Amino acid sequence: MLEHLFARINLERGEIDGAPQTVRRLSDLKEVFADQAAYAEALAQADPVLYTVSSVEPANGDGQMHYGLGVLMPGKVGDEYYMTKGHLHSWRPAAEVYIGLEGEGVMLLEDENTGETRVEILAKNTVVYVPGHTAHRTINTGSEPLKYIGVYPSAAGHDYAPIAEKNFKMQLIDNDGTPTLIERRK
Ligand code: S6P
Ligand code: ZN
């Protein structure tokens, strides 16, 4: 059955009217940040919301699509920018299209077969295509919330296990104000 053929984005609030929202706090991102001492220290101070995702699932089945509005806050743990957990799609061939709406950031992409890493700009008026079989993570390198839409096959699903197990090979750090890609320190 088809529902929600139309949706209204409230960009300022970072919500899609009527859509359920997933909220991820700092405490939900255990093992995500390389600097575990900085992570523990930050968590001892506060447990802020790092990002929200408002999801719309109009239909399921062959050929159908889902989409979500993500809002990722600016900030850092140590010198590493705030980022999403990152995942592969459970249905590995499923690709995804990200559309930047506001803010400044990048997507970290890692091909699960070749291990190749790519970093693509995600900001207002940019589109990033995430191929299948590619782990993807959103990173806010700016000083404002990063807002984007991700559109994906309804059957994609989220597989967080490979990232929870070995994380991404590379990480993006603030090197005196310049976002810099380095090999993960651990
Ligand atoms: C879903 C899509 C996004 C992410 C969102 C949060 O396929 O890629 O909506 O769910 O960016 O990231 P994560 O890794 O916590 O699901
Ligand atoms: Zn995805």
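In this chain, numbering begins with 1 at the start of the sequence shown. Quick caveat: nothing in here was measured; it's all calculated off a predicted structure. Numbering of ligands and ligand atoms starts at 1, following listing order.
By the 3.5 Å distance cut-off applied to N or O atoms, His89 is counted among the residues near ligand 1.
There is a path of hydrophobic side-chain contacts, each under 4.5 Å, that joins Phe33 to Met107. Note on Met83: it clusters hydrophobically with Leu43, by side-chain heavy-atom contacts below 4.5 Å among ILVMFWY residues.
Taking the side chain as every heavy atom from C-beta outward, Arg137 and Gln171 never approach each other to under 4.5 Å. Glu102 has its side chain out of reach of Lys124: every pair of non-hydrogen atoms, C-beta onward, lies at least 4.5 Å apart.
Atom CG in Asp47 sits 10.0 Å away from atom CG in Leu29 (nearest 0.5 Å). The distance from the CD1 atom of Ile182 to the NZ atom of Lys169 is 14.5 Å, given to the nearest 0.5 Å. Atom OG1 of Thr84 is separated from atom CD1 of Ile139 by 7.5 Å, given to the nearest 0.5 angstrom.
Val53 CG1, 3.8 Å is the protein heavy atom nearest to atom 9 (O) of ligand 1. At the shortest separation from atom 3 (C) of ligand 1 among protein heavy atoms lies Tyr98 OH, 3.4 Å. For atom 7 (O) of ligand 1, the closest non-hydrogen atom of the protein is Glu96 OE1, 2.9 Å. The protein atom (non-hydrogen) at minimum distance from atom 12 (O) of ligand 1 is Thr84 CB, 3.5 Å. Looking only at protein heavy atoms, the nearest one to atom 15 (O) of ligand 1 is Tyr51 OH, 2.5 Å. With hydrogens left out, the protein atom closest to atom 11 (O) of ligand 1 is Tyr148 OH, 2.6 Å, a heavy atom. In terms of protein heavy atoms, atom 16 (O) of ligand 1 is closest to Tyr160 OH, 2.5 Å.
Minimum heavy-atom separation, Trp91 to Ala155: CB-O, 3.5 Å.
Nearest residue to atom 10 (O) of ligand 1 from Arg137, Met83, His158 is His158 (criterion: closest heavy atom).
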| Can Tyr98 and His136 be said to form a side chain to side chain contact (heavy atoms under 4.5 Å, CB included), step by step? | CA-CA 11 Å; Tyr98 273 72; His136 45 290; 3.5 Å; yes
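Residue contact check for ligand 1: Gly86 places a non-hydrogen atom closer than 4.0 Å to it.
For Glu96, the N/O/S atom at the shortest distance from the Zn ion (ligand 2) is named OE1.
Each of the following atoms of ligand 1 lies closer than 4.0 Å to a heavy atom of His136: 8 (O).
With the Zn ion (ligand 2) as vertex, His87 NE2 and His89 NE2 subtend 100°, rounded to 10°.
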